[in-house]
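Structure record follows, encoded as structure tokens.
The sequence lines fix the lettering, A, B, ..., with proteins before strands; numbering per chain opens at 1. Here the structure is a predicted model, which means the values were calculated and not measured.
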2 protein chains.
Amino acid sequence: MGRKKRARPVASRRAKAGQEEDGGAGEAGAGGSKRERNKREKRARILAAARSLFAEQGFDETTGRQVCERAAVGTGTLFLYVRDKRELLLWVFEQDARRILSRPIPTRGTPVDRWLAFLNPFLALYARDTRLARNYVRELLFRPENPPELMQLNQALRAGLSEIAETAQARGELRKDVGPEEMGSLVAGQYAHLVQAWLGSGRLGARQVRARLRRGLALLVEGLEP
Amino acid sequence: MGRKKRARPVASRRAKAGQEEDGGAGEAGAGGSKRERNKREKRARILAAARSLFAEQGFDETTGRQVCERAAVGTGTLFLYVRDKRELLLWVFEQDARRILSRPIPTRGTPVDRWLAFLNPFLALYARDTRLARNYVRELLFRPENPPELMQLNQALRAGLSEIAETAQARGELRKDVGPEEMGSLVAGQYAHLVQAWLGSGRLGARQVRARLRRGLALLVEGLEP
DNA sequence: CGACGAAACTGATCACGATCAGTTTTGATC
DNA sequence: GATCAAAACTGATCGTGATCAGTTTCGTCG
């Protein structure tokens with residue numbers, strides 16, 4: 001029962017309310033001290049090693065020791081940077097997800113069009129390696145103990161969907177007596193469900209997911225009443 | 001890459017189209033040969049041992065060896081009955097899920113009422129031990145390689161939701177130009193999404209899930225258009 | 001610069017899930 | 001009953017993820 005929180009390399013003293021230094025892919029932060037630089041480099045090496053190995057062999061087939069070897073760090077070091085192996089996968093995908101979320105929110109077409117345009121890059125990302133994406137989505141959705149930066153990805157996705165709903169309400173395209181967050185939540189529900197049917201149980205293909213998502217959102221807007 | 005399918009104890013020669021022998025909780029099947037009886041008993045012991053240990057200690061904290069000891073079987077035997085430890089948890093919940101699914105489908109009230117009445121027992125089951133339920137839902141939803149009996153649970157749930165939709169269409173409560181399966185799928189989407197928000201990320205409580213489910217389904221029926 | 005404390009790092013080590021060669025049980029055949 | 005093959009079982013063993021006591025690196029202060 002007694003938790004033993006091991007002290008990990010400090011998560012960057014500054015970075016209070018502001019950006020996380022980056023925004024692109026390249027982990028380009030230019031923090032000062034040698035310690036911080038070393039840590040960033042090591043972290044970057046670990047993530048790069050993990051990314052390539054996961055792509056080459058898959059997640060389950062890649063051992064932590066392999067990652068450490070390719071990243072040129074000791075076997076114990078890995079777990080100073082991630083709580084466990086699964087978190088490593090989450091960090092790898094997090095880089096991609098952030099890049100997607102930094103794009104501008106679509107403004108053209110019907111609300112359904114915009115929701116789809118917003119969600120499409122994620123579907124494309126998952127399609128690149130569905131096996132890996134399955135592990136990612138599973139861990140992302142079912143781990144309360146994930147670091148906040150990771151949980152925030154979900155939140156950001158929902159925020160984007162809500163924002164689209166809000167704009168649509170302002171334009172008179174959607175009813176105004178329902179909160180945009182609630183609408184966003186309904187959309188997120190359909191999206192998550194279809195992604196799960198695709199990646200999780202392999203019941204659907206990527207093509208079907210897109211089609212069903214469009215159809216489902218259209219029905220959501222129209223309603224099921226006669 | 002090369003899979004090595006180990007031959008597990010045969011899954012019961014007869015039992016073709018019919019019942020799975022049971023229906024209640026007690027694994028009461030009266031199959032003939034001593035072999036079959038032994039296997040059933042052993043399987044029942046393993047499941048009972050796992051169930052009690054999971055309840056006492058949680059899933060991660062329970063070791064396979066503990067289960068074997070309490071079930072009075074050798075450590076290797078466990079994996080003749082389940083592919084891995086996670087599957088063990090799935091089988092434990094499967095017993096409960098089957099019992100729930102064997103109930104009659106609700107027929108009273110609005111379609112939303114009926115969908116809720118149908119889904120409520122599952123929410124109650126999850127509420128009994130949310131930590132365990134999280135593991136269960138996660139594995140159930142994100143493992144294509146699960147045995148068919150387990151994957152079928154999902155399907156049965158969706159079938160129930162569809163049946164409710166179909167009845168409602170016949171009564172003129174829902175539009176008839178949308179397939180009942182599609183409606184069921186939309187409902188399942190909302191349900192799954194809320195369960196995930198509850199068990200997965202701990203974002204919601206059980207109470208909120210019920211409320212939001214009702215609200216979400218109502219909106220689904222009404223539509224989001226002005 | 002030298003010395004010191006703290007942070008970061010390391011690989012030996014542990015516990016666990018899973019496997020497998022070897023053993024026991026079962027039921028069919030004579 | 002005796003004999004045999006197939007099915008089921010077993011615990012020793014293996015590879016893995018994760019941990020920890022011991023070591024190195026870094027920044028600071030006299």
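Summarising the geometry, the separation between CD on Gln66(B) and C1' on dC16(C) is reported as 11 Å, rounded to the nearest angstrom. For the pair Glu36(A) CD and dT25(D) C1', the interatomic distance rounds to 15 Å; values are reported in whole Å. Atom-to-atom, CD of Glu69(A) to P of dT10(C) comes out at 13 Å; the value is rounded to the nearest Å. The CD-P distance, from Glu139(A) to dG17(D), rounds to 14 Å in whole Å. Taking atom CG of residue Asp60(B) and atom P of nucleotide dG17(C), one finds them 9 Å apart after rounding to whole Å. What separates NZ of Lys42(A) from P of dT24(D) is a distance of 14 Å, to the nearest Å. In this structure, the CZ atom of Arg65(B) is 12 Å from the C1' atom of dT19(C), given to the nearest Å. Distance Leu53(B) CG to dG17(C) P: 12 Å, rounded to the nearest Å.
Note on Thr77(B): a base of the nucleic acid sits closer than 4.0 angstrom, heavy atoms only. Among the heavy atoms of the strands lying under 4.0 Å from Gly76(B) is at least one base atom, whether or not backbone atoms are also near.
With DNA chain D read from its 5' end, the first of the two nearest nucleotides for Arg35(B) and Leu78(B) is the one closest to Arg35(B).
Note on Lys39(A): a side-chain N or O is less than 4.0 Å away from OP1 or OP2 of dA8(C). Applying the 4.0 Å criterion to OP1 and OP2 of dG11(D), one finds that Thr75(B) has every side-chain N and O outside that range. For the pair Asn38(B) and dA8(D), the criterion of a side-chain N or O lying under 4.0 Å from OP1 or OP2 is not met. A sub-4.0 Å separation between OP1 or OP2 of dC9(D) and a side-chain N or O of Tyr81(B) is present.
Looking at heavy atoms from C-beta onward, Thr63(B) lies out of side-chain contact with Leu53(B) at the 4.5 angstrom threshold. Looking at heavy atoms from C-beta onward, Arg158(B) lies out of side-chain contact with Glu181(B) at the 4.5 angstrom threshold.
Annotation: cation-pi geometry not satisfied between Arg51(A) and Trp91(A) (NZ/CZ under 6.0 angstrom from ring centroid, within 45° of ring axis).
Remark: side-chain polar atoms of Lys85(B) are paired, donor with acceptor, to backbone N or O of Phe59(B) under 3.5 angstrom.
Using modelled atom types and a 3.5 Å distance limit, the side chains of Asn146(A) and Arg83(A) yield no donor-acceptor pair.
The side chain of Phe79(B) lies closest to dG17(C) when the candidates are dC26(D), dT26(C), dG17(C).
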